[in-house]
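Here is the structure we will look at, set down as structure tokens.
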Amino acid sequence: MDSTPDDADERRALLARAWDEAAPRYEQYFVPRFTPWVASAVATIAGATLPAGPILVPCCGTFPELPALRNSHPRREIIGIDLSPEMVRWARQRATGLPRVRVVVGDATTLRPQWTNVAAGIVSVFGLQQLPDPASALADWIGTVRPGGRLSVMFWPSESETDGPFALLRRLLAGRRPPPDDAWQNRLGEVITAAGATVEREEYLTYPMHHPDAATFWTAITDGGSLRALSIMRGKTFMRALRQEFLDLAPPEPWHHSPRAQWIVAQR
Ligand SMILES: C[S@@+](CC[C@H](N)C(=O)[O-])C[C@H]1O[C@@H](n2cnc3c(N)ncnc32)[C@H](O)[C@@H]1O
């Protein structure tokens with residue numbers, strides 16, 4: 001039995017490599033399916049009156065947050081930050097021709113040393129749950145935002161559904177890796193308050209998602225999604241057995257489900 005590497009540098013290197021490899025399929029398969037969550041997370045920043053300063057987008061991946069942010073804040077600097085150089089390359093393509101948009105390779109676990117009290121806002125979608133200590137990262141992000149600024153953070157909780165492909169994967173992996181430490185998910189409100197911000201929303205957002213069949217979903221999540229890192233770590237034999245079990249238990253033909261993401265909005 002394994003798990004993610006103990007060493008923080010190794011873990012970071014594994015994630016960077018996994019998302020480098022995943023980038024093209026992630027953009028093609030998951031970005032369209034994640035659109036409603038991205039739109040909700042961005043809308044609360046896009047529609048807000050913000051203080052001066054840039055909008056930071058930690059864990060931007062291929063940067064699907066960018067178009068709506070750009071439309072609503074055309075004169076503001078928008079900075080995407082991601083660990084994976086390949087994701088950053090895709091994000092820069094999305095930003096081509098847009099002035100005042102930058103995308104940098106960087107570790108989003110600590111942004112404060114570089115951006116203390118300067119940002120107008122933060123939007124982050126589906127990155128927080130991948131960070132080694134999400135609660136500390138969130139506190140750090142609050143420290144980058146000016147008074148009056150706003151944070152909108154969407155992430156996958158460890159249990160995003162009770163039925164559907166994410167639930168089935170969670171069930172199959174439960175016996176194969178140590179249980180994730182998910183206590184942080186329930187204390188984000190207090191973390192935000194302690195860091196000097198006010199929670200405006202803390203809720204789950206559920207949208208429908210569709211997959212042509214289980215095999216297509218499997219290829220997408222292992223080649224272009226969050227299981228890419230597991231696949232690199234555990235190798236072909238392990239993944240082949242897991243795939244077979246997954247397909248045996250999955251419904252035949254199209255798969256429709258409605259996962260929920262956790263969303264937190266705070267005002268500094
Ligand atoms: C699921 S993708 C989400 C991308 C995008 N925000 C979206 O909504 O489609 C997660 C991204 O988080 C990035 N990531 C993971 N750990 C990170 C870290 N420590 N610092 C910066 N980015 C990180 C990955 O490289 C990946 O691009």
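Counting starts at 1 for both ligands and their atoms, in listed order. Both backbone and side-chain heavy atoms feed into the values below; hydrogens, waters and symmetry mates do not.
Note on Arg102 versus Glu77: salt bridge recorded, some NZ/NE/NH1/NH2 to OD/OE distance being below 4.0 Å.
For ligand 1, the atoms closer than 4.0 angstrom to any heavy atom of Asp107 are 18 (C), 19 (N), 20 (N). The distance from ligand 1 to the heavy atoms of Cys60 drops below 4.0 Å at these ligand atoms: 4 (C), 5 (C), 6 (N). Taking every heavy atom of Phe126 and a limit of under 4.0 angstrom, the matching atoms of ligand 1 come to 1 (C), 3 (C), 10 (C). Within the listing of ligand 1, atoms 8 (O) sit less than 4.0 angstrom from a heavy atom of Val38. If you number the atoms of ligand 1 from 1 as listed, the ones under 4.0 Å from a heavy atom of Gly106 come out as 20 (N), 21 (C). In summary, the atoms of ligand 1 found under 4.0 Å from a heavy atom of Gly61, numbered by their order in the structure, are 4 (C), 27 (O).
Aromatic pair Trp156/Phe166: ring centres closer than 6.0 Å. Aromatic pair Trp37/Tyr207: ring centres closer than 6.0 Å. A ring-centre distance under 6.0 Å is found for His257 and His211.
No side-chain donor from either of Asp140 and Thr110 sits under 3.5 Å from a side-chain acceptor of the other. Between the side chains of Thr44 and Arg150, at least one donor N or O lies within less than 3.5 Å of an accepting N or O. At a cut-off of 3.5 Å, with distance as the only test, a side-chain donor of Trp263 or Ser152 sits close to an acceptor on the other residue. Residues Gln267 and Thr198 have side chains that never bring a donor and an acceptor to within less than 3.5 angstrom of each other.
Residue contacts with ligand 1 for Glu65 involve side-chain atoms from C-beta outward but no N, CA, C or O (heavy atoms, distance under 4.0 Å). At a 4.0 Å heavy-atom cut-off, ligand 1 does not touch Val57 at all. With a 4.0 Å cut-off on non-hydrogen atoms, Pro58 does not touch ligand 1 at all. The proximity of Tyr26 to ligand 1, defined as any non-hydrogen pair under 4.0 Å, is limited to the side chain. Counting heavy atoms under 4.0 Å from ligand 1, residue Pro64 touches it through the side chain alone.
Taking CH2 of Trp115 as the start and CD1 of Ile81 as the end, the distance is 4.0 Å to the nearest 0.5 Å. For the atom pair Cys59 SG and Leu131 CG, the distance stands at 5.0 Å (nearest 0.5 Å).
The closest protein non-hydrogen atom to atom 24 (C) of ligand 1 is Trp19 CD1, 3.4 Å. Looking only at protein heavy atoms, the nearest one to atom 18 (C) of ligand 1 is Leu131 CD2, 3.5 Å. The closest protein non-hydrogen atom to atom 22 (N) of ligand 1 is Leu83 N, 3.2 Å. Summary of contacts: the protein heavy atom closest to atom 26 (C) of ligand 1 is Asp82 OD2, 3.5 Å. Ranking protein heavy atoms by distance to atom 20 (N) of ligand 1, first place goes to Ala108 N, 2.8 Å. For atom 15 (C) of ligand 1, the closest non-hydrogen atom on the protein side is Gln130 OE1, 3.1 Å. Of all protein heavy atoms, the one closest to atom 12 (O) of ligand 1 is Cys59 CB, 3.4 Å.
The side-chain hydrogen bond (donor to acceptor under 3.5 Å, both in side chains) test with Arg12 is passed by exactly one of Thr109, Asp7, Asp107: Asp107. For the ring-ring contact (aromatic ring centres under 6.0 Å, His included) criterion with Phe126, the lone passing option out of Trp19, Phe34, Phe155 is Phe34.
Residue Ala22 places every heavy atom at 4.0 Å or more from ligand 1. Ligand 1 does not have Phe34 within reach: every non-hydrogen atom of the residue lies 4.0 Å or more from it.
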